[in-house]
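Have a look at the structure below before the remarks.
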Number of protein chains: 2
Amino acid sequence: MSHTLDGPARGARQAQKQKTRQALLDAALRLLEEQSLSSLGLREVTRAVGVAPTAFYRHFRDTADLGVALVEEALGSLHTTLVATLAATGDGEERIAAAVDLIVAYVRAYPAHARFIAREQHGGVKRVREAIGAQLALFAEEVAAQFASEPEAAGWSEDDLLMLARMYVDHMVMTASALLETDDAGPVTDTARRQLRLVSLGRLHWLDAPVRGN
Amino acid sequence: MSHTLDGPARGARQAQKQKTRQALLDAALRLLEEQSLSSLGLREVTRAVGVAPTAFYRHFRDTADLGVALVEEALGSLHTTLVATLAATGDGEERIAAAVDLIVAYVRAYPAHARFIAREQHGGVKRVREAIGAQLALFAEEVAAQFASEPEAAGWSEDDLLMLARMYVDHMVMTASALLETDDAGPVTDTARRQLRLVSLGRLHWLDAPVRGN
DNA sequence: AAACTGGGAGAACAGTTGTTAACTGCATGG
DNA sequence: CCATGCAGTTAACAACTGTTCTCCCAGTTT
């Protein structure tokens, strides 16, 4: 078996390459805490790593390409965590607390990643915007699928479930951004919980007085 | 009365100044459609206007300063419009339609302004972020005040009203951003309406089964 | 052991950037 | 009617940018 195509590194050669690549990603993420991707210079990144500017091209075509890689790094591993959290909790207060705590923990652990996503979601680099959009749409689909497998979803159309899921996902990003701009997470956490409670309440009475006619 | 301190221009001299200033703002806004403020160059703006780079300093300290001016231009006139719209409609479907239509009309009329706000709300320039944050907080307060003057707000705490208002305001920005990324406003408008319906439904049942104890 | 591969270095390129200084000419206030 | 103020110009600065080409040398393959 001479071609294991999944491992991050096969020889010491490729290991070193991944190491520099990661260093570039880390340096970029740090620089992006106080500027947008569209103003991030290639030389700026390589200088921070301590490597020649030309080395950049061995890993990324341009800074937009690096941005797309950062999107994967920031959101890739979150899919399983999010679905697992929803699956482990029923509807109601318990789930609300778990969802908010998940975001709070994520922002605490990876503030730079969270900031990057919030910032570049509507940022000036199209390819990165699209990459984030695709990831968030995927999140919404996964959340909607989880909702669909629950008794509370009885009578709900697929479209309405997706609408509800997007509401949750967008609210998460919103909350993350709010957490980043405050130093006291308390009030933000509290507001986020109440807002989710509002949505949950709406969900419960969605089928009460159908406005189906429009 | 030789000193009318409010008019935008007193003599032909000041009129010309305002004209160049506006030209700078317009050019900047156009350039910002495909990049972020943190990458907007001062020379880039003056070049687009057809004026010497140094002329920029007669109007703005730097591009961040120009950004703050753009925030005022984009959101300043929206306060009265928003409050008027809410005041003219009661709670329910009517208000939901009016609020969504307001956003749709705004994005149609001033797409570049809307894009700028959505982009720089979490953007890389602190002063601009703060300016937008302050404006949105003001919107939320105004909306909350309008809510407070309605019968449906009976039994609501001031904090809960503000929470609800922020939900509406943030949802408006979210919707505006979604409208900018699609060429068919139909589905986005529809989703936005349903999401507001969800929140309205939650509002109606907020006091049903109080979770006050936490 | 010899040939090859490819990550990284080095230097140079044309162009860009923000900022300073000293200027010009015109509308304005005395 | 003349002197002042000030929006805008011109020129120059050091520093920076992305990109190309050429080279080097350690790890890998045969």
Side-chain angles (χ1 to χ4, degrees), chain A residues 1-5 7-28 31-32 34-69 124-128, chain B residues 1-5 7-28 31-32 34-69 124-128:
Chain A
M1 220 61 72
S2 69
H3 54 288
T4 50
L5 37 74
R10 241 240 317 241
R13 190 74 256 184
Q14 306 232 7
Q16 176 57 29
K17 174 166 183 179
Q18 293 282 354
K19 209 170 152 188
T20 336
R21 186 189 138 101
Q22 191 58 48
L24 288 169
L25 288 169
D26 293 348
L31 291 164
L32 285 170
E34 36 201 16
Q35 67 181 307
S36 308
L37 182 63
S38 83
S39 69
L40 183 70
L42 151 177
R43 296 184 95 109
E44 197 178 353
V45 178
T46 57
R47 191 187 316 129
V49 174
V51 78
T54 50
F56 186 92
Y57 293 106
R58 301 286 181 193
H59 303 274
F60 309 103
R61 202 178 303 257
D62 45 35
T63 52
D65 203 31
L66 180 146
V68 173
V125 183
K126 193 174 184 184
R127 285 169 52 205
V128 172
Chain B
M1 221 57 76
S2 69
H3 54 291
T4 49
L5 38 75
R10 241 246 312 253
R13 185 82 240 188
Q14 306 232 7
Q16 176 57 29
K17 174 166 183 179
Q18 293 281 355
K19 207 170 153 189
T20 353
R21 186 189 138 100
Q22 192 56 47
L24 288 169
L25 288 170
D26 292 348
L31 291 164
L32 284 171
E34 36 201 17
Q35 67 181 306
S36 307
L37 182 63
S38 84
S39 67
L40 183 71
L42 154 174
R43 296 183 95 109
E44 196 178 354
V45 179
T46 56
R47 192 186 316 131
V49 174
V51 82
T54 49
F56 186 92
Y57 293 107
R58 300 287 179 193
H59 304 274
F60 309 102
R61 202 179 303 259
D62 46 34
T63 52
D65 203 31
L66 179 146
V68 173
V125 183
K126 192 173 184 182
R127 285 169 52 205
V128 172

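Order of the sequence lines sets the chain letters (A, B, ...), proteins ahead of strands, with each chain counted from 1.
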Apply side-chain contact (heavy atoms from CB on, under 4.5 Å) to residues A:L25 and A:F60 and explain how you reach the verdict. CA-CA 10 Å; A:L25 288 169; A:F60 309 103; 3.9 Å; yes
In whole angstrom, give the distance that lies between atom [atom1] of [X] and atom [atom2] of [N].
X	N	atom1	atom2	value
A:R21	C:dG6	CZ	P	17 Å
A:L24	C:dG7	CG	C1'	12 Å
B:Q16	C:dC26	CD	P	13 Å
A:K19	C:dG8	NZ	P	11 Å
A:H59	C:dG8	NE2	P	4 Å
B:L37	C:dG18	CG	P	12 Å
A:R13	D:dC25	CZ	P	13 Å

Measuring from A:L42:CG to A:Y57:OH, what's the distance to the nearest 0.5 Å? 4.5 Å
How long is the straight-line distance from OG of A:S39 back to CG of B:L37, given to the nearest 0.5 Å? 9.5 Å
side-chain contact (heavy atoms from CB on, under 4.5 Å), that's the test. Do A:D62 and A:R127 meet it? Break it down for me. CA-CA 11 Å; A:D62 45 35; A:R127 285 169 52 205; 3.6 Å; yes
Got a donor-acceptor contact below 3.5 angstrom from the B:S38 side chain to the A:Q35 backbone? no
Check against side-chain contact (heavy atoms from CB on, under 4.5 Å), B:K19 and B:Q22: CA-CA 5 Å; B:K19 207 170 153 189; B:Q22 192 56 47; 5.9 Å; no
What does the B/S/- profile of nucleotides 12-23 of chain D look like, 5' to 3', with a 4.0 Å heavy-atom cutoff to protein? B----SBBBB--
